[in-house]
Amino acid sequence: MPFPLKSYLCILYKNSTFYDYMEYNFKDIENKWQKIWKDTKPFKADNTSTKPKYYVLDMFPYPSGAGLHVGHPLGYIASDIMARYKRHKGFNVLHPMGYDSFGLPAEQYAIQTGQHPAVTTEQNIARYREQLDKIGFSFDWDREVRTSDPSYYKWTQWIFIQLFNSWYNPRNNKAEPIESLIKIFETEGFKGLTHDILTGDIEKELEAFTPEQWKNFDEKKRSDVLMNFRLTYLGEAYVNWCPALGTVLANDEVKDGVSERGGHPVERKLMKQWSMRITAYAQRLLDGLDTIDWTESLKESQRYWIGRSEGTSLKFQIENSDLHLEVFTTRPDTIFGVSFITIAPEHEYVDTITTAEQKAAVLDYVTKAKNRSERERQADVTKVSGVFTGAYVIHPFTGKKVQIWVGDYVLAGYGTGAVMAVPGHDERDHRFAKHFGLPILQVVEGPDVQEQSYDAKEGKCINSDFLNGLEVKAAIKKAIEEIEKRNLGKGKTNYRLRDAVFGRQRYWGEPIPVYYKDGIPHVMPENELPLVLPEVDKFLPTEDGEPPLARAKDWKYKGQYDYEWTTMPGWAGSSWYFLRYMDAKNDKAFADKKLTDYWQNVDLYIGGSEHATGHLLYVRFWTKFLFDRGFIAVDEPAKKLINQGMIQGMSEKINRLISVEKNPDDNNKRLIYIYKGSVLEEHNIPLAIKNVFISSDIIDKSSKFDYSTDKYANVNNVSNSVLDIKKHLEWWNEDSAAAFICEGGYWLNNEFISFNNNGSNIFKTTPEVEKMSKSKHNVQTPDDICEKFGADTLRLYEMFLGPLEQSKPWNTNGITGVSGFLKKLWRLFYQTGSFVVSEDAPTKPELKTLHKTIKKITEDIERFSFNTSVSNFMICVNELSDLKCNKRAILEPLLVLISPYAPHVAEELWEKLGHKGSIAFAAFPEFNEAHLVEDNFNYPISFNGKMRFNLELAANLSVQEIEKLVMEAEQTHKYLEGKQPKKVIIVPKKIVNIVM
RNA sequence: GCCUCUGUGGUGGAAUUGGUAGACACGCAGGACUUAAAAUCCUGUGACCUCAACAGUCGUGCGGGUUCAAGUCCCGCCGGAGGUACCA
């Protein structure tokens, strides 16, 4: 076989160093610099620097078995650009990475395979690390953290103990050691519900006691009382129980009534659980939002989740009883519109107040309501259900009897679990009243309320005794005054935020450092931490339904006291990890105070918006707590936060012909119809071919084809929706017996059989935006891209795709443009065929290009507009190529500009320019306005706002001079059509507009 | 329903304080180099009208408004994405 000499030479070159110099060989370059960075650790953050500090943090990943796909690095690349940019700008940068390595998937996998979760976690981490390294991130790996490592979770447990030993003192509005509460009990006792030291929105009645009584309480009693105040506590509450996962879930882990992970049904269940009293911080979590630069949508989510509402509590005396029902309302102005009271099916008085006649009906209803799953309950929200208890309350102002109903539209967990129903002015009450034929009263002026409630807080009160004539807002005030005066209740602020359930009936999580002695929970002494996760024979609950940790043999504190068997939830470790990075190896403290004082908090935090009401709320809570207790100096974890958009998958579908039409003239042939342009052509293919695929560009939906789109191409075998037949057949061998119909013929077993109509042999697929998943063959890993185009191209391309915060589908259609750009950059240094850089002084246009770029790039980075900086680099390199510029004075600063984005190629060329050290710490080029000053400005001349022509004028002309020259211009006369301009608007160096 | 974001060529997207809409890139079309392909380079490319040029008309989801001038500001609609939902 003849072998062309040229190709032969090429291969020779490829193996010689000479070849490497000629072409941009990303593989060698990237391997080389990744190794150097690994060996020399240039990105180690300095704990004692005199430089200003800058802390850039990514939300650390959960190391799943699937590895990273191209969506993960999007935020990491942006933060890495920021980190590198700040180093150039003279900052001491902390840019760490770690793993959120406790979690359900590893445990589920362990249940299926018996493989210990620690083992799979370790493997997954190794894979993640390998993938991350290939992208060239400037992480300080010496500070890596893993939440599942005992040296890390020792401190998670330590923080748990601090929370247990603290309470929230509303007098000082901060968390304090529990001792200060005990002191109050010893001197003042506790005055019951009206006492101002009540915390955490305890709705339960807690009996008052005197200092003497406190002194006489036994240990158990004292423990029980204190439990109502501790910031982490063991309490009975309705929880989200997920039978399929065998564990409880926090509110943010439940979406649409099913578990966020796995989508399993969730029920409400009364259980004794460890919880975090985040509600104590509700107001401060709300207020803090005004001090941080986070996206508005995220802050809104948190505000809504916290759900502050102002209103009043109000007691209704139950008829023929000394009990009273307490409700919470934000509309006390409508008190005269109350036509019944509704209580939740779980309300503690349900049994007590129900009359004998109604007993059966109520019991039936309550049982049904309680057994309904959360999903069912939420699904038919508009479906009204309820039952009359037979009991009445006495209206405190009118003295009339008011019926008490049970209805599941009232939630047990919010407020008091009871509402005063005002159907005239509340949609839900209205629905209920209509359904059961209860009276509807109008007490605010407005549209008639019989058919539809009038909920707006506007209008004058009517039919309301002493409130008559008042505007709603004034009436609310007046009503509260009156209620307080008569001792019926008091003005009150409620929050939707619930305490966070903290225990999980699961294995793969931090053990809770608690043991039980005589039925009293005790936290372990701090110096005995960590409480290491014990080995178990199976990762399943015990036969008695106890959590997996109950299986651990001889696992008892001091050999005799049972440990707590639940473990901490996934968000425990991530609620303080930003602090651990400051001092990752410390075994004396979670972090040295000196270092937390130095690093303060995160300057830029990048991550997904899905953590809005979970992680991002908890981490703020813990930060505020640690601040209150004096452990750290800041009370917010991150000053600025950016949500990177999600990257969706782009599938490429192959259209499959279903209809078979035999050729009547030849029974062995099958007829194929092809639109070539608008002409319908008939062609034949052998009938024996079973699978027939058809290129998307010749499909005409009105044609005789029936086709399906159930077949996927592997996206790696498609570029710009053109299928690479050869690669496809290598990947999916079965299809070698299939026909791929194109405009001009068809492919069969990688051979093209022409129809002799001069049509194309390109086979096109149909792209579709879908979630990335294995079954859709549209998962793209960063490794594939690094292998094919290099890490620098991947980094640039992910940024080039569009604004960081916007969600977008991943497709590689534009990637050749970015890779071409890097080649073009490289060629600037090789214009003569070898590496040559001129030491000559740069020309004016060269300096203009450089400084224009410096200005743009600096502005782009400062406003996180990374996509536009890639465009600006392209413009710069295009211009320098046109100018044939190879001057050191231009190219050197350009490399520094580019190095945050494409660090490998920047380092390589920097070294070739003769520098010894890394480019990573070279000073960022300073912008000099002088180079952009032009003698002339090309004015757009518009008439009535419509741009007509350009006129080049000296840039320093006055407005009068400009007007004179413009009016004299030949083209101006043409557009004036002999008319006299009414007005001439001149904005120097911007625009001229002539108004006719 | 409510909240937040969003709507610009065939495609991804630019236009930072109201001032030349469509930068940059992909794709497409044509050309150069090549036996050929790849790679690379050059030219053109919003739509309509025109053989073409010059010119012209339209054009940033729709309808109004403010302004010398609106993708950008205001009012009212419509579509898309995400979050959230008996929270009294």
Side-chain angles (χ1 to χ4, degrees), chain A residues 4 6 23 255-256 295-301 303-305 307-309 311 327-331 334 342 377-378 380-384 407-411 413-422 426-429 431-432 494-498 609-610 612-613 643 645-646 648 719-722 767 797 800-803 805-809 811-818 820-821 823-824 827 856 859-860 862-863 865 867-868 870-875 878 881 938-950 974 981-987 989-996:
Chain A
K6 234 177 180 172
E23 290 290 327
K255 293 259 145 81
D256 299 324
T295 58
E296 203 42 47
S297 69
L298 206 146
K299 288 196 205 179
E300 266 311 307
S301 303
R303 284 193 192 108
Y304 189 77
W305 192 262
R308 180 193 157 102
S309 63
V327 302
F328 173 74
T329 178
T330 56
R331 296 293 302 273
T334 61
T342 316
R377 198 182 59 78
Q378 287 183 11
D380 39 43
V381 156
T382 47
K383 222 187 206 169
V384 177
D408 71 353
Y409 79 96
V410 177
L411 304 179
Y414 184 76
T416 56
V419 300
M420 58 176 225
V422 185
D426 183 283
E427 200 204 326
R428 297 150 302 189
D429 296 339
R431 245 184 350 236
F432 197 85
N494 242 331
Y495 299 90
R496 214 168 67 104
L497 185 70
R498 298 270 72 91
S609 57
E610 66 271 24
T613 49
N643 293 128
M646 264 220 310
Q648 296 135 298
S719 113
N720 286 315
S721 295
V722 174
Y797 187 60
F800 189 60
L801 228 40
E805 298 178 71
Q806 210 167 292
S807 284
K808 56 228 147 191
N811 72 70
T812 50
N813 288 353
I815 203 164
T816 52
V818 170
F821 155 73
K823 288 179 192 165
K824 208 165 171 180
R827 276 202 303 276
K856 293 249 185 203
E859 285 168 359
D860 286 345
E862 298 284 354
R863 67 193 170 103
S865 174
N867 56 325
T868 49
V870 180
S871 299
N872 285 317
F873 285 132
M874 288 173 171
I875 294 168
N878 287 347
S881 299
N938 199 17
Y939 278 92
I941 314 294
S942 37
F943 292 78
N944 288 337
K946 203 165 275 182
M947 209 285 280
R948 292 302 182 177
F949 63 93
N950 284 306
K974 189 178 136 196
K982 284 194 195 124
K983 204 173 176 187
V984 180
I985 309 274
I986 293 167
V987 186
K989 290 205 225 172
K990 274 254 164 79
I991 198 167
V992 175
N993 190 16
I994 297 168
V995 187
M996 297 196 294

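Letters go in sequence order (proteins before strands), and every chain restarts at 1.
When rounded to the nearest whole Å, the span between CG of Asn867(A) and P of A15(B) equals 7 Å. Summarising the geometry, the separation between CZ on Arg431(A) and C1' on G1(B) is reported as 11 Å, rounded to the nearest angstrom. One atom, CD1 of Ile875(A), and another, P of A25(B), lie 8 Å apart when rounded to the nearest Å. Between Met947(A) atom CE and A69(B) atom P there is a gap of 17 Å when expressed in whole angstrom units. Regarding Tyr797(A), its OH atom lies at a distance of 15 Å from the P atom of U11(B), rounded to whole Å. Whole-Å rounding puts the Met874(A) CE to A14(B) C1' distance at 13 Å. The nearest whole Å value for the distance from the CZ atom in Phe821(A) to the P atom in C26(B) is 12 Å. One interatomic measurement links the two molecules: CZ of Phe873(A) to C1' of C24(B), which rounds to 13 Å at whole-angstrom precision.
Note on Asn811(A): every side-chain N or O is 4.0 Å or more away from OP1 and OP2 of U11(B). Residue Asn878(A) places at least one side-chain N or O closer than 4.0 Å to OP1 or OP2 of A25(B). Regarding contacts with the backbone of G83(B), every side-chain N or O of Lys299(A) stays at 4.0 angstrom or more from both OP1 and OP2. Listed pair Arg948(A) / G56(B) meets the phosphate criterion, a side-chain N or O lying under 4.0 Å from OP1 or OP2. A close approach under 4.0 Å does occur between a side-chain nitrogen or oxygen of Gln806(A) and OP1 or OP2 of G13(B). The shortest distance between the side-chain N/O atoms of Ser309(A) and the OP1/OP2 oxygens of A88(B) is below 4.0 Å.
Rounded to whole Å, the separation between the C1' atoms of U8(B) and A47(B) comes to 14 Å. Separation of the C1' atoms belonging to G59(B) and G9(B) is 10 Å when rounded to the nearest angstrom. Taking the P atom of each, G65(B) and A70(B) are spaced 12 Å apart, rounded to whole Å. For the C1' atoms, the distance linking U40(B) with U34(B) amounts to 12 Å, nearest Å. Remark: the separation of the C1' atoms in C24(B) and A14(B) is 7 Å, to the nearest Å. Rounded to the nearest Å, the gap between the P atom of A37(B) and that of C33(B) is 12 Å. To the nearest whole angstrom, the two C1' atoms, one in G10(B) and one in A29(B), are 13 Å apart. When the C1' atom is compared between C28(B) and G12(B), the two are found 16 Å apart, to the nearest whole Å.
Nearest nucleotide to the side chain of Phe800(A), out of A25(B), U20(B), C26(B): A25(B). When distances run from any side-chain atom of Arg863(A) to the nucleotides G13(B), A15(B), C58(B), the shortest one goes to A15(B). When distances are taken from the side chain of Val995(A) to each of U20(B), C68(B), U57(B), the shortest belongs to C68(B). With G19(B), A88(B), A39(B) as the choices, the nucleotide that has an atom nearest any side-chain atom of Lys990(A) turns out to be G19(B). Comparing G19(B), G12(B), C26(B) against the side chain of Thr816(A) picks out C26(B) as the nearest.
Not a single donor-acceptor contact under 3.5 angstrom links the side-chain atoms of Glu300(A) to the base of U4(B). Between the side chain of Asn993(A) and the base of C68(B), at least one donor-acceptor pair of N or O atoms lies under 3.5 Å. At a cut-off of 3.5 angstrom, counting only N and O atoms as typed in the model, there is no donor on one side facing an acceptor on the other between the side-chain of Arg303(A) and the base of C3(B).
With contacts defined as side-chain heavy-atom distances shorter than 4.5 Å, the pair Tyr939(A)/Lys989(A) qualifies. Side-chain contact between Phe821(A) and Tyr797(A) is absent, with no heavy-atom pair separated by less than 4.5 Å.
Consecutive Watson-Crick or G-U pairs involving RNA chain B, each under 3.5 Å on both distances, make up stems of three or more pairs at B:1-7 with B:78-84, B:10-12 with B:24-26, B:27-32 with B:40-45, B:46-48 with B:56-58, B:61-65 with B:73-77.
When all heavy atoms of Lys808(A) and Pro803(A) are compared, the closest pair comes out as NZ-O, 2.7 Å. Looking at every heavy atom in both residues, Val327(A) comes nearest to Val419(A) through CG1-C, 3.7 Å. Taking all atoms of both residues into account, the shortest heavy-atom contact from Phe800(A) to Val818(A) is CD2-CG2, 3.9 Å.
Each of Lys824(A) and Val870(A) was matched to the nucleotide of RNA chain B holding its nearest heavy atom; the match closer to the 5' end belongs to Val870(A). The nearest heavy atom of RNA chain B to Tyr304(A) and to Ile994(A) marks one nucleotide each, and the one closer to the 5' end goes with Ile994(A).
Nucleic acid contact class of Pro803(A) (heavy atoms, under 4.0 Å, all strands): sugar-phosphate only. Using a 4.0 Å heavy-atom distance criterion, Thr868(A) is classed as a sugar-phosphate-only contact. When heavy atoms are screened at a 4.0 angstrom cut-off, Ser871(A) is found touching base atoms of the nucleic acid.
Donor-acceptor pairing under 3.5 Å is lacking for the side chains of Asn993(A) and Lys983(A).
Exactly one residue among Val870(A), Asn867(A), Thr868(A) makes a side chain to side chain contact (heavy atoms under 4.5 Å, CB included) with Asp860(A). That residue is Thr868(A).
For Tyr414(A) (side chain) and Arg496(A) (main-chain N/O), no donor-acceptor pair under 3.5 Å exists by modelled atom type. With hydrogens and angles disregarded, no donor-acceptor distance shorter than 3.5 Å links the side chain of Asp426(A) to the backbone of Val422(A). Checking side-chain atoms of Ser942(A) against main-chain N and O of Ile994(A) turns up no donor-acceptor pair under 3.5 Å.
Under the 90° criterion around 0 for the glycosidic angle, G9(B) counts as syn.
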